[in-house]
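The structure under discussion appears below in the form of structure tokens.
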Amino acid sequence: MIKTPKFHDVTPVLASDAWFSDGKERLNLPNGYLSFLREIGEAKLYRLGSGYQLSVLAIFSEELVDTDDLFLEFGHEQEFRAYFRRSELRRQSSAVFERDGRVFRQTAQTFEAWLERAIKFARANYSKAEWKRIVAGPRAFSERERRIVEERRLFRWTFLGATPDGDAKFEVSNLSGTSLPFLSVGVRHKEGTFEGRLWLPFGRCLARGYKDYRSACLSRPRSCHRRRLLRASRSEPR
């Protein structure tokens, strides 16, 4: 069992979600694909960096090509989206296609063959040491680290606006019983994409009851007004 959080991201779905393309017409989808959705659900698998190497989806989008053929998207493998050809849908099995520009090419005889190959390829992108760490999951926080997490929640910051240089200016207050040499603030683009963190360094430790002002920005060329700053809610090993 893999203990790394969100290495696989699975959402249960109703079988009917995958049996219709537009809510009206019944689709003759292959049994292997339907079994996956019933037993596992909609899945994003094998996280690598900030994304997942493959996915199996329950909601279709349709692609119409020059030949008037209709293809139904059901997931992806690496950079390629995966499709069934609507005219070739069979309960027993249906071939899988991937799109390369305007061309759809068959890459597997069945959904099961496509999935097996995709998993094998994804798995090969981790070294033995990396895979061992993924299976084991992150180590538990020590008692000292847990105390730091609790104390960190007692630091309060207020975003004061952008400086003329495009930096983000903060007022930081320490209501905890400890001190920190710096503070990190999560940053998310207004469209929802997580960008990273701002590091607010203090030349001296920010002690209890102390208030200070610091400026920082994730990337100077880009304006801070397009970003949303994240309040700390909980911390856990990743």
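We count residues from 1, following the sequence as given.
- Using a 4.5 Å heavy-atom cutoff, the side chains of Val149 and Phe141 are in contact.
- Residues Tyr52 and Asp9 are in side-chain contact: their nearest non-hydrogen atoms beyond the backbone lie under 4.5 Å apart.
- When side chains are defined from C-beta on, Leu54 counts as touching Tyr46, because their heavy atoms get closer than 4.5 Å.
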Where do Thr11 and Lys44 land on the side chain to side chain contact (heavy atoms under 4.5 Å, CB included) test, with the steps shown first?
CA-CA 9 Å; Thr11 304; Lys44 295 183 291 185; over 6 Å; no
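- Contact record, Asn125 with Leu48: CB-CD2, 4.4 Å, taken as the closest heavy-atom pair.
- The existence of a salt bridge linking Glu145 and Arg139 is confirmed by a sub-4.0 Å separation between a basic side-chain nitrogen and an acidic carboxylate oxygen.
- Side-chain atoms of Gln53 and Gln78 include a donor-acceptor pair closer than 3.5 Å.
- Between Glu98 and Arg105, some side-chain heavy-atom pair lies under the 4.5 Å cut-off.
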Using the side chain to side chain contact (heavy atoms under 4.5 Å, CB included) rule, take Asn31 and Phe36 through it: C-alpha gap first, then chi angles, then the decisive distance, then the call.
CA-CA 9 Å; Asn31 289 325; Phe36 183 97; over 6 Å; no
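- Nearest approach of Leu34 to Leu29, heavy atoms of both residues: CD1-O, 3.8 Å.
- At a threshold of 4.5 Å between non-hydrogen side-chain atoms, the residues Leu72 and Tyr83 do not count as touching.
- Val56 and Leu115 make their closest contact through CG2-CD1, 4.4 Å (heavy atoms, listed as atom of the first residue, atom of the second, distance).
- For residues 121-136, there are no salt bridge (Lys or Arg N to Asp or Glu O under 4.0 Å) pairs, not counting sequence neighbours.
- Neither Phe74 nor Phe80 shares a network with the other; the hydrophobic side chains, linked directly or stepwise wherever heavy atoms of I, L, V, M, F, W or Y lie under 4.5 Å apart, form separate groups for each.
- Looking at Ser176 and Phe155, their side chains come closer than 4.5 Å, going by heavy atoms from C-beta outward.
- With rounding to the nearest 0.5 Å, the separation of OG in Ser94 from CD in Gln109 is 11.0 Å.
- Close placement of the Phe71 and Phe104 rings is indicated, their centers lying within 6.0 Å of each other.
- Looking at Glu42, its side chain never comes within 3.5 Å of a backbone N or O of Leu57 through a donor-acceptor pair.
- Taking the six-membered ring for Trp and the full ring otherwise, Phe84 and Phe97 have centroids separated by 6.0 Å or more.
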Salt bridge (Lys or Arg N to Asp or Glu O under 4.0 Å), that's the test. Do Glu73 and Arg99 meet it? Break it down for me.
CA-CA 10 Å; Glu73 181 183 344; Arg99 185 172 184 174; over 6 Å; no
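- Glu77 has a carboxylate O that lies under 4.0 Å from a charged side-chain N of Arg117, or vice versa, which qualifies the two as a salt bridge.
- No chain of hydrophobic side-chain contacts below 4.5 Å, direct or via other Ile, Leu, Val, Met, Phe, Trp or Tyr residues, connects Leu175 to Ile148.
- For Phe121, there are no ring pair (Phe, Tyr, Trp, His ring centres under 6.0 Å) partners at least two apart in sequence or on another chain.
- Side-chain contact between Ser55 and Leu45 is absent, with no heavy atoms from C-beta onward closer than 4.5 Å.
- Aromatic rings of Trp114 and Tyr33 (six-membered ring for Trp) have centroids beyond the 6.0 Å cut-off, not under it.
- Under 4.0 Å is where a charged nitrogen must lie from a carboxylate oxygen, and between Arg147 and Glu150 no such pair does.
- Residue-environment remark: CD (Glu143) exceeds the threshold of 12 foreign heavy atoms within 6.0 Å.
- The number of heavy atoms from other shown groups lying within 6.0 Å of CD (Glu88) is above 12.
- Here the side chains of Lys3 and Ile134 are not in contact, with every heavy-atom distance at 4.5 Å or above.
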